[in-house]
Amino acid sequence: MRAMVLDKAKLPLQARDVPKPKPGRGQLLVRVSACAVCRTDLHVVDGELPNPKLPLILGHQIVGRVEEIGEPANFKSEISDVKFAVGDRVGIPWLGWTDGECVYCRSNRENLCDRARFTGYTIDGGYAEFTVADARFCFHLPEHYNDVDAAPLLCAGLIGYRSYRKTGNARCLGMYGFGNAAHLIAQIALYEGRDLFVFTRPGDVKTQQSAKALGAKWAGGSDEMPPEKLDAAIIFASVGPLVPAALHALAKGGIVVCGGIHMSDIPSFPYADLWEERVITSVANLTRRDGEEFFEIAPRVPVRTHTETFPLQEANVALDRFRAGKLKATAVLLINPS
Ligand SMILES: [Zn+2]
Ligand SMILES: [Zn+2]
């Protein structure tokens with residue numbers, strides 16, 4: 001099968017013919033239709049995330065169809081009501097495997113599993129014609145979305161949603177960075193009646209205008225203070241100095257949620273900004289529960305995705321444009337268009 005392969009960090013992906021994978025116990029062989037490009041893919045290529053599988057097929061926002069089903073898994077103590085048949089459409093996310101038995105898995109925190117494996121990072125992903133995935137972690141996708149539009153929901157949507165849920169019932173919600181995930185989650189926040197305050201790079205008037213057009217109550221630079229104190233803020237940009245900036249904009253008891261897997265260092269800040277029960281937390285990965293909730297609410301809003309497609313062999317072009325901030329929408333690789 002054709003695949004785009006990362007041999008080593010900081011090198012371009014190589015277009016290559018590799019053996020088609022075989023589904024093992026509990027796995028699905030999936031014919032990939034579309035795979036969205038995530039900032040995490042860039043972090044892996046750029047060597048900012050430690051110890052990827054090498055050589056590696058990137059990609060963890062995969063939409064495809066079940067081609068073959070491996071032997072039944074017989075996992076004890078697992079929610080195994082998720083059933084797939086050959087030909088079913090399936091979504092494959094970042095969380096690709098957990099042991100089901102560690103202290104985290106046994107307390108509904110499988111996102112923190114000690115032995116978790118991640119699609120397109122520690123196991124091969126979807127920048128290829130086929131992939132295999134553990135059926136326990138695959139999702140049925142809402143019919144509302146075609147394959148291309150569904151792909152960005154699988155990470156930007158899911159992990160963004162987990163960050164959003166950590167903000168509780170915040171009335172005034174800030175978002176630092178307004179890329180793919182923020183754009184998707186803003187739609188849910190507005191649907192649920194939150195007042196939205198969007199922070200962009202100072203001077204990025206275009207993004208500020210698009211946030212206001214979507215329904216944000218206020219949009220400005222990350223160096224500005226919002227007109228009201230925030231009950232919560234989600235940081236989508238991988239920029240550490242935004243953490244004290246967001247903290248400084250919080251009301252008492254407010255929370256800052258760091259939504260990314262990688263962030264530059266956080267500078268020191270006065271304790272007074274944390275005092276009065278303000279909280280800083282991060283979000284790691286996702287649980288299947290997050291996915292089920294998100295795919296239930298997304299078509300009701302309905303959350304709309306904006307995509308820009310590239311053929312599989314142009315994955316490097318998509319990554320380079322992402323890195324340079326030159327994408328117009330979420331990049332989605334088209335692999336076996338259906
Ligand atoms: Zn575990
Ligand atoms: Zn991702």
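Atoms within each ligand, like the ligands themselves, are counted from 1 in listed order. If you read the sequence from its start, that first residue is 1, and numbering goes on from there.
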With ring centroids as reference points, do [X] and [Y] lie under 6.0 angstrom apart?
{"X": "F178", "Y": "F236", "result": "no"}
{"X": "W94", "Y": "Y121", "result": "yes"}
{"X": "F295", "Y": "H140", "result": "no"}

Looking from the Zn ion (ligand 2), what is the angle between SG on C38 and SG on C155, to the nearest 10°?
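Computed angle, vertex at the Zn ion (ligand 2), rounded to 10 degrees: 130°.
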Please work out the angle at the Zn ion (ligand 1) defined by atom SG of C102 on one side and atom SG of C105 on the other, rounded to 10°.
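Taking the Zn ion (ligand 1) as the apex, the two atoms subtend 120°.
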Sidechain-backbone polar pair: R321 side chain, L327 backbone, donor-acceptor under 3.5 Å:
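Judged by distance alone, no pair lies under 3.5 Å.
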Taking just the N, O or S atoms of D99, which one is nearest to the Zn ion (ligand 1)?
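Closest to the Zn ion (ligand 1) among those atoms: OD1.
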